[in-house]
Amino acid sequence: MLDVFVMGGLYIYRSVYDPVSSNMYAILSEAEAVIFDPHKSEELTELLNKQGIQKITILLTHEHHDHTSGIYWYQEHFDITIICQKLGAEWMTSQKYLRPTLLLFIIGEMDKTTGSNNLQLFEREFVARNYKADITFDKELQVDCNGHQFMFYHIPGHSKGSSLIVIDNQYAFTGDSLLKNIPIITRFPESNHKDYLTKALPTIQGKLRDDMTIFPGHGTPFLYKELLNNNTLNVRFR
């Protein structure tokens with residue numbers, strides 16, 4: 001199922017990846033599309049084909065498998081360009097990336113709690129591949145695409161290659177580095193709590209405004225000001 005958020009002149013589509021409830025977002029223009037954190041979606045593919053989309057720019061908020069598992073699908077069906085932070089790009093070319101150990105553990109634990117069977121579903125559908133990013137950056141990057149400005153900022157902590165992506169200084173895609181009512185995880189093997197506090201948090205607070213709409217990696221979009229308490233960002237961790 002695709003949700004659509006009308007934000008000024010932008011139509012931002014969202015698809016939720018059932019095994020871990022992670023969000024993929026897509027913005028379509030006449031002949032091109034921008035996709036954030038792709039997973040395989042028949043509904044989005046149908047929409048892309050209906051619109052005559054041939055070229056796709058894939059933007060990654062970070063390198064975890066629940067936010068990259070669909071790259072292969074769009075790579076096979078469209079002409080794609082991948083943009084991500086360089087540490088995330090390095091991870092996607094590694095041998096360890098081919099085995100999504102962390103995600104398998106998380107889905108398995110969720111299955112025990114909910115009684116679901118998402119682990120079996122994920123293992124059946126997961127395609128193990130390495131990916132080479134076309135454009136990478138260290139600290140920040142500006143990309144102009146289809147009349148819109150995309151700003152990328154490195155915000156390590158949840159993962160080494162986590163990024164904050166801001167469109168037209170109005171809409172921000174935060175991956176798993178800023179969520180509403182969901183704690184930020186900084187205890188994964190590739191996470192770093194100190195990096196989040198000293199690098200990610202100051203960048204997030206410096207680049208986001210009260211009235212900005214946040215499109216998180218999990219959960220529904222919200223206004224940045226909803227996380228503020230006396231003008232201070234309220235973040236919980238686990």
Taking the side chain as every heavy atom from C-beta outward, state whether [X] and [Y] have any pair of such atoms under 4.5 Å apart.
X	Y	value
Ser22	His64	no
Ile214	Leu208	yes
Leu178	Leu233	yes
Phe122	Val20	no
Leu48	Leu28	yes

Does any N or O in the side chain of [X] come within less than 3.5 Å of the main-chain N or O of [Y], such that one atom is a donor and the other an acceptor?
X	Y	answer
Glu226	Leu223	yes
Thr174	Ser177	no
Asp37	Thr61	yes
Asn118	Asp111	no
His218	Ser21	yes
His158	Ile185	yes

Side chains of [X] and [Y]: is there a donor and an acceptor less than 3.5 Å apart?
X	Y	value
Thr81	Asp134	no
His154	Asp138	no
Thr186	His193	yes

Working to the nearest 0.5 angstrom, can you tell me the gap between [X] [atom1] and [Y] [atom2]?
X	Y	atom1	atom2	value
Gln149	Asn169	CD	CG	7.5 Å
Leu119	Glu109	CG	CD	10.5 Å
Lys96	Thr101	NZ	OG1	9.0 Å
Ile155	His62	CD1	NE2	10.0 Å
Phe222	Phe215	CZ	CZ	10.5 Å
Thr198	Asn192	OG1	CG	7.5 Å

Taking all non-hydrogen atoms of both residues, which atom of [X] and which atom of [Y] are closest, and how far apart?
X	Y	result
Asp168	His148	OD2-ND1, 2.6 Å
Pro221	Thr213	CB-CG2, 4.3 Å
Ser15	His39	OG-NE2, 2.8 Å
Gln85	Leu87	OE1-N, 2.6 Å
Lys40	Tyr72	CD-OH, 3.5 Å

Salt bridge or not for Lys225 and Asp210, using N-O below 4.0 Å? no

Would one find more than 12 heavy atoms of other residues, nucleotides or ligands at under 6.0 Å from atom [atom1] of [X]?
X	atom1	answer
Phe188	CZ	yes
Phe237	CZ	yes
Asp144	CG	yes
Gln95	CD	no

Residues which pass salt bridge (Lys or Arg N to Asp or Glu O under 4.0 Å) with Arg99, listed by chain and number, not counting sequence neighbours: none

Set of side chain to side chain contact (heavy atoms under 4.5 Å, CB included) partners for Glu140, sequence neighbours left out: Met151, Tyr153

Pro38: which residues meet the side chain to side chain contact (heavy atoms under 4.5 Å, CB included) condition with it, sequence neighbours left out? Met24, Ile35, Ile58, Leu60, Ile71, Tyr74

Can you tell me how the ring of Phe152 sits relative to the ring of Phe137, calling it parallel under 30°, perpendicular over 60° and tilted otherwise? tilted

Please state whether the rings of His65 and Phe126 are parallel, tilted or perpendicular, taking 30° and 60° as the class boundaries. perpendicular

Same cluster for [X] and [Y] if Ile/Leu/Val/Met/Phe/Trp/Tyr side chains link at under 4.5 Å?
X	Y	value
Ile182	Leu164	yes
Leu59	Ile12	yes
Leu179	Tyr196	yes
Val4	Tyr17	no
Leu197	Leu228	yes

Salt bridge (charged side-chain N to carboxylate O under 4.0 Å, His left out) partner of Lys160, the single match among Glu90, Glu190, Glu63: Glu190

Listing request: all side chain to side chain donor-acceptor pair (under 3.5 Å) pairs with a residue in residues 119-133, at least two apart in sequence or in separate chains. Glu76-Arg129, Asn117-Gln120

I need the full list of side chain to side chain donor-acceptor pair (under 3.5 Å) pairs touching residues 51-60, with sequence neighbours left out, sorted by first then second residue. none

Residues that Trp73 engages under side-chain hydrogen bond (donor to acceptor under 3.5 Å, both in side chains), provided they are two or more places apart: Thr45

Between Tyr25 and Phe173, does the ring-ring contact (aromatic ring centres under 6.0 Å, His included) criterion hold? Intermediate values first, please. CA-CA 9 Å; Tyr25 300 99; Phe173 295 77; 5.4 Å; yes

